[in-house]
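Only one structure is covered here, and it is reproduced in the block below.
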Amino acid sequence: MLVSVDRGETRVAMLEATGTVAARKAPSSASRRKRRPADASGYRVAELYLERRGNRSIVGNIYKGRVDNVLAGLEAAFVDIGLEKNGFLHVDEIVLPGVEAPRRGRGAGREGRQITDMLKPGQEIVCQVVKDPLKTKGARLSMDLTIAGRYMVYAPYGEGVGVSRRLDDKERERLRREAAKLDLNGGGAIIRTSALGVKRADLERELLYLFKLGEVLDKRVAETQAPALVFQEADLSVRVVRDIFSAEFERAIVDDPKQHHRLVSFFSRTAPELVEQVELWEEETPLLEAFGVEDVLASTLNRRVDLPSGGYLMIDYAEALTVIDVNSGSFIGRGKGARLEDTITKTNLEAAEEAVRQLRLRDIGGIIVIDFIDMARARNRDAVLKTLRKALEEDRTKTFVVEISPLGLVEMTRQNVTDGVREIMTRPCPTCHGEGVIKSEETIAIEFERRMRELAGRTEADALLIQMNPRVSAEFTGNDARVLRAVEEATGKVFVFEGSEGLPLDHFRVLEEGDREQVLERALPFRPGEEVHVEIVEPHMYSPGDAVAKIDGYIISVRGGTRYVGEKHLVRIEEAGRNSAVAALIDVPHGGEGDGDELESKIRRRGRRGGRRRSGARTASTSEATSPE
């Protein structure tokens with residue numbers, strides 16, 4: 001387990017052995033702080049966890065809240081816990097001292113007390129977050145409070161003792177006997193998977209610690225006015241190490257001295273036998289980079305995941321589900337006798353293992369559909385499903401898998417408690433708003449053409465100055481402005497465009513309406529005789545020796561500029577029109593402006609004047625330099 005702590009982010013990576021690992025030798029106390037050589041061979045990154053300082057997960061936090069609204073039709077209440085959105089509390093999660101709440105849910109009978117009898121608007125309650133606010137939904141709440149320790153989860157309002165089902169039957173029975181005579185103060189407890197092999201004395205010691213936390217919680221609840229936080233769950237590194245780290249791990253490496261001290265102190269109180277396995281990373285190479293975690297973290301943002309044989313997965317996210325599509329790619333089988341069914345089956349077997357690995361790495365939750373390549377034989381489908389289920393045994397998150405369908409589809413659910421790596425590291429595109437596609441310039445130009453025709457029918461002005469993105473206006477002015485001329489002939493109006501690359505593609509605004517001369521005067525970005533720095537982008541298509549520069553879609557033909565394509569030069573405007581201009585180079589020796597220091601000085605003086613624009617003229621893009629190089 002690797003723990004990396006930065007100023008704004010904590011990252012935890014869990015590495016799993018891919019084969020047989022040599023037996024671990026416990027280091028001495030003197031060498032505990034010194035790390036062993038970084039050797040990631042034989043391991044692969046299995047799980048990743050991220051937490052930002054300003055956006056910590058609130059799962060496990062306990063709040064004193066105030067009931068805002070009770071909805072009998074949903075059998076739920078919305079509770080104000082001091083966050084931006086109210087939390088959601090279902091009737092099944094209501095626990096009140098001395099009151100038995102019927103476990104009903106959908107489709108159950110109407111007998112028993114209603115939620116409106118149990119909760120009232122304005123009532124103060126103590127509740128715990130069991131699911132982070134995700135997308136448009138608020139936090140999921142429960143009144144069945146739990147306080148987590150390393151070996152046990154104490155439930156003040158619970159009953160009896162439960163044992164994790166991840167342990168084998170023999171160990172579960174032993175732990176039940178060990179916990180049979182524990183005094184739970186009228187509450188309940190759940191023995192965790194990490195309690196493997198512990199004795200009763202260990203459970204009693206931790207139970208006393210959890211009782212103290214419960215006393216602190218009760219005191220804060222009594223002193224705090226709702227809505228407010230009364231108990232905060234531990235931060236990511238302590239939480240993950242507490243829940244996962246055990247004797248099955250070879251070591252935990254931490255790159256921050258303060259966090260290393262915290263973890264050592266935590267294990268000194270809860271599991272002294274594991275203190276020797278916590279090491280401090282003191283090398284110059286960043287911890288996650290040394291173990292190859294950085295590359296894996298970056299790959300979690302990729303849509304495509306390659307398989308060893310040449311096939312690949314395509315992972316697509318939707319609002320309510322995630323779809324994983326399996327493709328054979330470049331894999332065509334092995335040997336001359338390779339058959340199609342064998343090729344497909346091998347690809348699907350690899351895909352089943354990799355799909356589970358990606359679910360764990362990306363912490364994907366909710367409904368998941370895996371589209372395997374169609375297999376003709378039932379035994380091959382069973383083999384793929386068996387491989388998928390076996391891989392899921394290593395996943396600590398609750399999952400449920402449906403049988404594979406004749407179409408090769410596997411439907412499954414995975415518990416979704418908090419945001420995954422992708423949600424934490426990214427945000428929706430401000431242009432496409434997460435859709436992944438935007439309208440093309442041609443589509444937008446066609447829509448704008450309709451608006452221009454409508455405007456022409458409503459105005460008495462002869463000409464209109466319209467602001468839009470140059471890439472859209474180029475659809476009108478390109479190809480010798482045939483589209484623009486057709487619109488002007490049909491409407492009897494003159495349209496002039498202005499804008500910059502910084503404008504959204506769908507930006508459309510009428511800047512001025514008036515007579516032809518007035519609008520054209522304002523729209524001209526340059527006047528004959530003005531000097532401006534431009535970047536020469538390409539040779540002129542119809543005039544050999546000349547070149548073309550573009551400023552926010554406005555075309556400037558540069559005489560003799562072919563040899564300077566790709567360079568920035570100072571030019572003087574000779575002719576200027578609505579959509580284009582003609583200019584001459586003035587900062588090169590053959591242009592008649594001299595050379596040497598005198599030329600450089602002249603260029604600098606002109607450069608300070610060259611960016612001049614009249615009021616309302618288009619803004620220069622990066623193609624126009626504000627000062628010469």
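In this structure, Ile367 and Ala320 approach most closely via the heavy-atom pair CB-O, 3.8 Å. A pairwise comparison of heavy atoms in Phe249 and Met1 identifies CE2-CE, 3.8 Å as the closest pair. Here the closest heavy-atom approach between residue Ile191 and residue Ala179 is recorded as CD1-CB, 4.3 Å. In terms of heavy atoms, Val401 sits closest to Arg389 at O-NH2, 3.6 Å.
Residues Val153 and Leu210 are not in side-chain contact: their nearest non-hydrogen atoms beyond the backbone lie 4.5 Å or more apart. No side-chain heavy atom of Asn55 sits under 4.5 Å from any side-chain heavy atom of Ile424. Side chains of Val241 and Val238 form no contact here, defined as non-hydrogen atoms less than 4.5 Å apart. Side-chain contact between Cys127 and Ile81 is present, with heavy atoms from C-beta onward closer than 4.5 Å. The closest side-chain heavy-atom distance from Phe372 to Val384 is below 4.5 Å. Side-chain atoms of Leu321 and Ile368, non-hydrogen and from C-beta on, never get closer than 4.5 Å to each other. Inter-residue side-chain proximity for Leu505 and Val472 is flagged as met; some heavy-atom pair is nearer than 4.5 Å.
Although no hydrogens or angles enter the test, the distance criterion places no donor-acceptor pair under 3.5 Å between the side chain of Glu233 and the main chain of Ile58. Side-chain atoms of Asn348 come within 3.5 Å of backbone N or O of Ile373 as a donor-acceptor pair. In this structure a side-chain-to-backbone donor-acceptor pair under 3.5 Å is present from Asp80 to Gly82. No donor-acceptor pair closer than 3.5 Å links the side chain of Arg242 to the backbone N or O of Phe266. With hydrogens and angles disregarded, no donor-acceptor distance shorter than 3.5 Å links the side chain of Arg176 to the backbone of Gly162. The main-chain N or O of Leu134 is never found under 3.5 Å from a side-chain atom of Asp132 such that the two would form a donor-acceptor pair. A donor-acceptor contact shorter than 3.5 Å links the side chain of Arg166 to the backbone of Glu393. A donor-acceptor pair is defined here as one N or O able to donate and one able to accept, closer than 3.5 Å; no such pair exists between the side chain of Asn302 and the backbone of Arg304. When atom types are taken as modelled, the side chain of Asn327 and the backbone of Gly329 share no donor-acceptor pair closer than 3.5 angstrom. Of the possible polar contacts, one joining the Asp202 side chain to the Lys199 backbone as a donor-acceptor pair under 3.5 Å is found.
Using a 4.0 Å cut-off between charged nitrogen and carboxylate oxygen, Glu178 and Arg174 count as a salt-bridge pair. The pair Arg150-Asp243 does not meet the salt-bridge criterion, since no charged nitrogen lies less than 4.0 angstrom from a carboxylate oxygen. Between Asp235 and Arg56 no salt bridge is recorded (no basic side-chain N to carboxylate O distance below 4.0 Å). At a threshold of 4.0 Å, the pair Arg396-Glu47 counts as salt-bridged, since one of the basic side-chain nitrogens sits closer than that to a carboxylate oxygen. Residues Arg11 and Glu289 are not paired through a salt bridge, judged by the lack of any N-O separation under 4.0 Å between the basic side chain and the carboxylate. In this structure, Arg379 does not pair ionically with Asp382, as no charged nitrogen and carboxylate oxygen lie closer than 4.0 Å.
Under 3.5 Å, the side chains of Arg414 and Thr322 contain no donor-acceptor pair of N or O atoms. With hydrogens and angles left out, the side-chain atoms of Ser440 and Thr443 include a donor and acceptor closer than 3.5 Å.
Atom CD of Glu442 sits in a sparse spot, with 12 or fewer heavy atoms from other residues, nucleotides or ligands closer than 6.0 Å. Counting non-hydrogen atoms of neighbouring residues, nucleotides and ligands closer than 6.0 angstrom, the CG atom of Leu213 exceeds 12 such neighbours. In the displayed structure, Phe211 atom CZ is contacted under 6.0 Å by more than 12 heavy atoms of other residues, nucleotides or ligands. Around NZ of Lys85, the count of heavy atoms belonging to other residues, nucleotides or ligands within 6.0 Å exceeds 12. At most 12 heavy atoms of other shown residues, nucleotides or ligands fall within 6.0 angstrom of atom CD in Glu411.
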Stepwise side-chain hydrogen bond (donor to acceptor under 3.5 Å, both in side chains) test for Ser237 and Arg262: CA-CA 10 Å; Ser237 55; Arg262 286 190 64 191; 5.2 Å; no
Test log, rule salt bridge (Lys or Arg N to Asp or Glu O under 4.0 Å), inputs Glu501 and Arg471: CA-CA 8 Å; Glu501 289 288 351; Arg471 283 185 285 166; 3.4 Å; yes
Evaluation steps, side-chain hydrogen bond (donor to acceptor under 3.5 Å, both in side chains), between Arg362 and Tyr317: CA-CA 12 Å; Arg362 304 176 186 222; Tyr317 302 87; 3.1 Å; yes
Stepwise side-chain contact (heavy atoms from CB on, under 4.5 Å) test for Val130 and Val417: CA-CA 7 Å; Val130 296; Val417 175; over 6 Å; no
Stepwise side-chain contact (heavy atoms from CB on, under 4.5 Å) test for Val5 and Asp255: CA-CA 7 Å; Val5 181; Asp255 65 2; 4.3 Å; yes
Check against salt bridge (Lys or Arg N to Asp or Glu O under 4.0 Å), Arg303 and Asp316: CA-CA 7 Å; Arg303 182 168 172 253; Asp316 293 299; 2.5 Å; yes
Residues Gln128, Asn61; criterion side-chain hydrogen bond (donor to acceptor under 3.5 Å, both in side chains); working and verdict: CA-CA 6 Å; Gln128 187 170 34; Asn61 288 359; over 6 Å; no
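A distance of 15.0 Å separates OG in Ser164 from OH in Tyr151, rounded to the nearest 0.5 Å. If you take NZ on Lys346 and CG on Leu307, they are separated by 10.0 Å, rounding to the nearest 0.5 Å. Annotation: the span from Leu287 atom CG to Glu279 atom CD amounts to 10.5 Å, rounded to 0.5 Å. Once rounded to the nearest 0.5 Å, the distance linking CG of Leu89 with OG of Ser142 reads 7.5 Å. Distance check, rounded to the nearest 0.5 Å: CD of Glu354 to CG of Leu361 gives 8.0 Å. To the nearest 0.5 angstrom, Asp374 atom CG is 12.5 Å from Asn380 atom CG.
Legend: residues meeting salt bridge (charged side-chain N to carboxylate O under 4.0 Å, His left out) with Glu16, ordered by chain and number and at least two apart, are Arg360. Considering only residues two or more places apart in sequence or on other chains, Arg239 meets the salt bridge (charged side-chain N to carboxylate O under 4.0 Å, His left out) condition with Glu51.
Using bins of under 30°, 30° to 60° and over 60° for the plane-to-plane angle, the ring pair Phe88/Phe78 lands in the perpendicular bin.
You'll find the ring centres of Phe231 and Tyr63 outside the 6.0 Å limit.
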